[in-house]
Amino acid sequence: QVQLVESGGGLVQAGGSLRLSCAASGRTFSRYAMGWFRQAPGKEREFVAAVSRSAGNPHYADSVKGRFTISRDNAKNTVYLQMNSLKPEDTAVYYCAAKSARYESDWFPDADEYDYWGQGTQVTVSS
């Protein structure tokens, strides 16, 4: 079992930055590929970013590429999402997710593939 707890959400003006954190319980965090997803009101949950077990293979949705950075610290059992140049359309509840990965380079863009989810943190970007 892995428990995930997100933090760092809030209200920010367009052009601003936020850093989300997702702390994981357990001793096997390094065995999991991690992802960030978001869901805006009335919309489906969408992929934002993912990172492999080794952290050397980050991937991003086109809508956030160049503005968001995913990273992880396996010693701290934490994955981060640095969000810069925020736009009103980035407003959503952001979720982190964990997927047991066989290979260090594996990453997963599909929400259905993930095993564990956090409770979400609200990000609101005002214009």
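The figures that follow rest on heavy atoms only: side chains count, while hydrogens, waters and symmetry mates do not. Only a predicted model underlies this, so the values are computations on that prediction, with no experimental measurement involved. Sequential numbering from 1 along the given sequence is applied to the chain's residues.
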How far apart are the closest heavy atoms of [X] and [Y], and which atoms are they?
X	Y	value
Ala55	Pro58	O-CD, 4.3 Å
Val2	Tyr116	O-CD2, 3.4 Å
Ala101	Asp106	CB-CB, 4.1 Å
Ala33	Arg72	CA-NH1, 4.0 Å
Ala49	Tyr60	CB-CD2, 3.6 Å

Would you call Glu6 and Trp36 a side-chain contact if the rule is heavy atoms closer than 4.5 Å? yes

Below 4.5 Å, heavy atoms only, C-beta onward: do Phe68 and Val48 meet side chain to side chain? yes

Flag yes if [X] and [Y] sit in one hydrophobic cluster, no otherwise; membership is Ile, Leu, Val, Met, Phe, Trp, Tyr, and two members link when side-chain heavy atoms are under 4.5 Å apart.
X	Y	answer
Val64	Ile70	yes
Trp117	Leu81	no
Leu20	Trp107	no

Are Thr78 and Asp73 close enough, and set up right, to give a side chain to side chain donor-acceptor pair (under 3.5 Å), and what steps lead you there?
CA-CA 5 Å; Thr78 303; Asp73 186 337; over 6 Å; no

By ring pair (Phe, Tyr, Trp, His ring centres under 6.0 Å), Phe47 pairs with (sequence neighbours left out) Phe37

Across all chains, not counting sequence neighbours, the ring pair (Phe, Tyr, Trp, His ring centres under 6.0 Å) partners of Tyr94 are none

Rounded at 0.5 Å granularity, tell me how far [atom1] in [X] sits from [atom2] in [Y].
X	Y	atom1	atom2	result
Thr69	Asn84	OG1	CG	6.5 Å
Ser21	Leu4	OG	CG	12.5 Å
Phe108	Ser52	CZ	OG	9.5 Å
Ser17	Gln82	OG	CD	6.0 Å
Arg31	Glu104	CZ	CD	12.0 Å
Glu46	Glu44	CD	CD	10.0 Å

Return yes if a side-chain donor-acceptor contact under 3.5 Å exists between Asp115 and Ser100, otherwise no. no

Item checked: Within 6.0 Å of CD in Glu89, more than 12 heavy atoms from elsewhere -> yes

| said: Could you check whether Lys99 makes a cation-pi contact with Tyr114, meaning its NZ or CZ is under 6.0 Å from the centre of the six-membered ring and within 45° of the ring axis? | reply: no

Exercise. Are Arg53 and Tyr32 in a cation-pi setup, meaning NZ or CZ lies under 6.0 angstrom from the ring centre and within 45 degrees of the ring axis?
Worked result: no

Donor-acceptor contacts, no H, no angles, side chain residues 120-127, under 3.5 Å, sequence neighbours left out:
from	atom 1	to	atom 2	distance (Å)
Thr121	OG1	Gly9	N	3.2
Gln122	NE2	Ala92	O	3.4
Gln122	NE2	Thr124	OG1	3.3

Point to revise | Electrostatic pair Asp62-Lys65, nearest N-O below 4.0 angstrom | key: yes

Exercise for review: Without swapping roles, check the side chain of Arg38 against the backbone of Val93 for a donor-acceptor pair under 3.5 Å.
Suggested key: no

